[in-house]
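This report refers to the structure that appears directly beneath it.
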Amino acid sequence: LNAHEFLAEKAVGILIDYRKLLVGLVAVLTIILALFIPQLSTDPTMK
Amino acid sequence: LDVNSDAYRQYLKFAEIFGNEQFLFIAIRNEAQLDRPEVLKWLHSLTSKLEEIEKVTSVASLSNTRVLRENNGKFGFSLLVSNTNGAPHLPEGTELERIRAALPIMDFLVSRDLKTVGIFIRLDEQHKYDIPIIEGLLGQMRAVVKANIPETSEFRIIGPPSIILAIHRYNIQTAMIFWALCLTIGISVTVYIFKSMKVAALALLVIGLSVLWILAFMSVTGIPLTATTALSFGLVLIVSVAVVIRIVTHFNERYQVVRDRVEAARQGLGVVFFPCFVCSVTTAVGFGTTMVTSIPMVFQLGLVMFLGVLLSFVMAVILTPAFLIAMKPLEARSYQRMAGDWVALALAGMEKAIFGHYLIVTVLGVTLTLAMVAGVPFIRSDTQLLRMLSASTKEMKDLRFVESHLAALHTLELVIEADGGAFNKPQAWEKVSDLEKELRKLPEVISTDSFLPFLEYLDRLFHGSGERQGGVLSNPGLIRDLFALLSLSEEGRLMTGRYVDGCRSLLHVSVRIRNSPGVPIAETIETVRSTAASVMKEEGKVTVTGDIAVFASQASEIVRSQLLSLALAFTIITIILMIHLGSALLGLISLITNIPPVAVIFGVMGWLGISLDTITVFAASVALGLAVDDTVHYLSVLKEQIRLKDPQKSVEDCVRKAYSVTAKAMVSTSAVLFFGFLVLIISPFKPVVSFGILGASAILAAVLADVIFLPSVILTSSGIRRFLGSRMSLRGS
């Protein structure tokens, strides 16, 4: 295997074996990040 | 807008010396002619009300125009509209014509048939790009005009601020509609391909979370939601759907073999993970290279898209396998329906055609690519704000209304910089007279406005007409005297200040242009500048400025930087592919399929007359980033087939297997991208429509190049066959 193929295999292993943990992590981060969305600014001035 | 650009600095200097050209213009068409006192009365009342509006610097209409003339043996400025026994009236015909010739602004204030009047409203320069303020001002002006004109009159409000406002509004509308339609298309294609609402819901979840994270990233980093960054959501959406489709396709394929969801996900993701990662990187590079610009909005779009594409990849590879494992597997009849749908049948038919007639397909592909390349010399670049709006928009109709009833509103501001006091001398004004004559000969020039007609008017006013040869230019000291006389009154100083500076070394000539659709604005600007420079070469330096010139210059800068970004994207993507495929030759083979989409973009531009502008120039690098995805997947599977070192298999078998594994996913993801781009044709914004057409054409070219052309070229070229054959034997030994 090439180095990048080896890394890809490892990454796939992590994505499958720790899928529940990763999905949980995404869910928690999504909730945290969602709190920042109201601060989104708009700039219609075209500056 | 790059406020540090030379063009903008020149414009600021011009505005500081001669006053800003930032105005809104109201044109009012009446049933009754303007020589009726009641018409002049409401015009006076309307002018006064408009002057009361906050942030309005000045209002110029017939009712407050003051002209220098003789009154009972005395010379002085007085209102153009006289008042006799409480009834306002205009000067009689011949005098009005004389004043019209002396004051070019009169063309805008009253039409020749006296039925249309115009009002100039100058705004504070600092509110130039302030959309909420312009929106508020326009609302107030509409209300004031409606309340003060007769019901039978019709009116239009137009000017650079309202055009900018319209472009901003259309941009946001387009971004929102684009997002909604891309969502619909992405989900519809997913449902059609996988015959499953669950998979569609999964795609929706990945899309939703990707967009939410991007919004959060923008909030945290302080990137505002603008007309360009809003467009990124639709693009991220179609890219993330493509990754989901590929993972689900390979999961389904493996599940039918192993019948275990975890193992199917592991094997499916194993096949697709690295190609998908490379695809996301190449797409991100395609978008990311647009950051090579000095325009903040374009940089922000590049950054948001770069991160958005990579983020959607991460979301897709985490969520898709996890949910595919958790979900109930698809029923057997779903697989049967998938295998028998018209896409599968069409691809099977195409397979026969490709592998039976690959030489003909190759020749056809090369011919079409060359035909597209032949269109490149016909590409023209037209970078101006007004070209962005289609003829059916309200703003363009309003502009035509003003132009048909009053005069052309497109002007270039010519500034001549000479030695101190140069414009006190008649010799310099003789050159100005020659300049105006030469400029009027240019096909794109309608007329010129300078201070010379007013000087001639003053000369005739003071000395009578006809007795002296040469007029104002015949007497060496006369012009200096006229300037001295004008400087005695506020009106005189204001009038002079619009055209000549206090040192009499800078002169402003306004050039009204046709702005014909067939003539690029840069060409007109250059023709005006070079004509002026050749006439005034002994007097001083000539520059062309004004709103049109500033926007044209900025847009040219974007086009230049984006052509650089295309070259950068092409190089980086090719290097990434060489590394990914582990072979320089395979990397170069991938170029075979990258050339047709780029050739199609530039060929369509040339053949269909689509202008290279600030938005269409993005199409090439963006489409290249997207188009290369299918190539990556095809070559990855081909490489995998070669590596299987099956002695029973020939190169043709490997090429055929790679086709059968990847073709449906390539067609499905390309369908999402194709329709995603195509929906942009609904935009009222011409470059966005062109962007949609170019993007859709490039995706179509890319999918044809990957599905049909690439296998055919591999089979046709004995060199590539030998190379792949040697790789197979090398692997086998």
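Quick caveat: nothing in here was measured; it's all calculated off a predicted structure. Just so it is clear: chains get the letters A, B, ... in the order the sequence lines come, proteins before strands, and each one is counted from 1.
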Just so I know, are the side chains of A:Leu29 and B:Trp213 near enough to count as touching, which here means a heavy-atom distance under 4.5 Å?
yes

Can you list the residues of residues 317-326 of chain B that sit under 4.5 Å from chain A, counting heavy atoms only?
B:Val317, B:Ile318, B:Leu319, B:Pro321, B:Ala322, B:Phe323, B:Ile325

Partners meeting side chain to side chain contact (heavy atoms under 4.5 Å, CB included) with B:Thr249 (sequence neighbours left out):
B:Phe194, B:Ile245, B:Ala665

State whether the number of non-hydrogen atoms from other residues, nucleotides or ligands found under 6.0 Å of A:Lys20 atom NZ is greater than 12.
no

For chain B, which candidate among A:Ile14, A:Ile32, A:Asp17, A:Thr30 shows the most heavy-atom pairs at distances under 4.5 Å?
A:Thr30

Between B:Ser219 and A:Gln39 (side chain of the first, backbone of the second, donor and acceptor by atom type, cut-off under 3.5 Å), is there such a pair?
no

For B:Phe277, I'd like to know if atom CZ has over 12 heavy atoms of other residues, nucleotides or ligands within 6.0 Å.
no

Side-chain heavy-atom pair A:Leu15, B:Arg266 within 4.5 angstrom cut-off:
no

Rounded to the nearest 0.5 Å, how far apart are CD1 of A:Ile16 and CD of B:Glu263?
9.0 Å

